[in-house]
Amino acid sequence: MSIRRLLLFDIDGTLVWGGPAKIAFEQALVETFGTTGDTAGVSFAGKTDPQIARELLSGIGFARDEIEAGFDALWDRYLGHLERHLVDRPMEVLPGVTDLLDALTPLEDVGMGLLTGNIEGGARLKLGSASLWERFHMGSYGSDHEERDELPGIALERARRFWGREVEPDQAVVIGDTPRDVQCGKKGGVRTLAVATGSYGADELHATGADRVVTDLASTDDVVRWLLAD
C-alpha cells in the first residue's frame, strides 16, 4: 500500500484534554528528586516530557548528570502514578476528534500517526484511557528525542519502516495546538494544521505561520478535505 498522506497528531490539547498527568508527574519528581521544581513558572505547552523535567530541575540547581541519573526511575514512577490516576480521571476527547478519526481511519492510503512530547508509555496510557490508542499505526515521542524539532524526522523514518516504502516530508502533516507543533513541522519540512483547542488562541497560532488554523476539529468534512488536498 502506498501512503498518500501521513497524519501526525499531537495528543494533549489536540486529541484529548484534562486527566491527571501533571499530578502524576509531580509525584514522580518528588519521589525521585525530592522536589517538583518551579512547576508554576515553567510552561509545559508543546514541550517533551524530558525537556520539562530538565527545565524544572536545572532551574533549581540540579546538574545535568544528576538529572540524567534519575530519569529511568522518574519515568517508571510517573507511568505507575499515571496509570492509577487515569482509572478515576480518564482523558476527555476534544470536540470533533472521534468523527475525524472515523472519517480518516478507513482510508487505506492515509497513515495515522502520533507526534507528541509525551514519552511513549504516557501516550499509550493517556490515549488508552480515551479508547483512542488503537487508532494510530505508529508515532514519535518525547522518549525518542528530547527536542521536539527532531520528532518529524523520526516519525517519517518510522513510517517508512512500518509501511515498507518511502514517505516523504511533503506527504506529511503535523496537527497540533501549540506554536512548538508548528515550529517542529516547519523544521521537518511538513505541512502544519494548528488547532486552537489548547492554551493558544487562533490569532496566536496564525502568527506562527501555520499552513492552516482551525478553532477545533469539529468541521469534519472541511478538515478532511484540507488534510488530503495536494
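Atom set for the values below is all heavy atoms of this structure, side chains included, hydrogens, waters and symmetry mates excluded.
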- Query: Which heavy atom in Leu79 sits nearest to a heavy atom in Leu125, and how many Å separate them?
  - Reply: O-CD1, 3.7 Å
- Apply the test side chain to side chain contact (heavy atoms under 4.5 Å, CB included) to residues Phe33 and Leu74: give CA-CA distance (whole Å), side-chain angles for both, the deciding distance (0.1 Å), then the verdict. CA-CA 8 Å; Phe33 295 100; Leu74 175 67; 4.2 Å; yes
- Message: Looking at Arg135 and Asp102, is there a salt bridge between them, counting it only when a charged N and a carboxylate O are closer than 4.0 Å?
- Response: yes
- Query: Who are the side-chain hydrogen bond (donor to acceptor under 3.5 Å, both in side chains) partners of Gln171, not counting sequence neighbours?
  - Reply: none
- Item | Candidate pair Arg158 and Ile154, rule side chain to side chain contact (heavy atoms under 4.5 Å, CB included), full reasoning | CA-CA 6 Å; Arg158 199 158 278 163; Ile154 293 170; 4.1 Å; yes
- Query: Aromatic rings Phe71 and Trp75: how do their planes relate, parallel, tilted or perpendicular, breaks at 30° and 60°?
  - Reply: tilted
- Query: Under the criterion salt bridge (charged side-chain N to carboxylate O under 4.0 Å, His left out), which of Arg148, Lys187, Lys186 is the partner of Asp181?
  - Reply: Arg148
- With sequence neighbours left out, what residues match Arg84 under side-chain hydrogen bond (donor to acceptor under 3.5 Å, both in side chains)? His81
- Message: Salt bridge or not between Lys47 and Glu55? Use side-chain N to carboxylate O under 4.0 Å.
- Response: yes
- How close do Leu82 and Pro20 get, heavy atom to heavy atom, and via which atoms? CD1-CG, 4.1 Å
- Taking 4.0 angstrom as the limit, do Asp149 and Arg180 come out as a salt bridge? no
- Query: Quick one: does NZ or CZ of Arg191 land under 6.0 Å from the six-membered ring centre of Trp226, within 45 degrees of the ring axis?
  - Reply: yes
- Message: Checking Val224 against Leu104 for the side chain to side chain contact (heavy atoms under 4.5 Å, CB included) test, could you report, in this order, the C-alpha distance in whole Å, the side-chain angles of both residues, the deciding distance, and whether it holds?
- Response: CA-CA 7 Å; Val224 170; Leu104 292 168; 4.2 Å; yes
- Is Asp72 salt-bridged to Arg77, cutoff N-O under 4.0 Å? no
- Note on the structure: Correct closest heavy-atom pair for Val16 and Ala130 would be CG1-CB, 4.1 Å
- Item | Worked verdict on Leu193 versus Val214 for side chain to side chain contact (heavy atoms under 4.5 Å, CB included) | CA-CA 8 Å; Leu193 172 64; Val214 294; 4.2 Å; yes
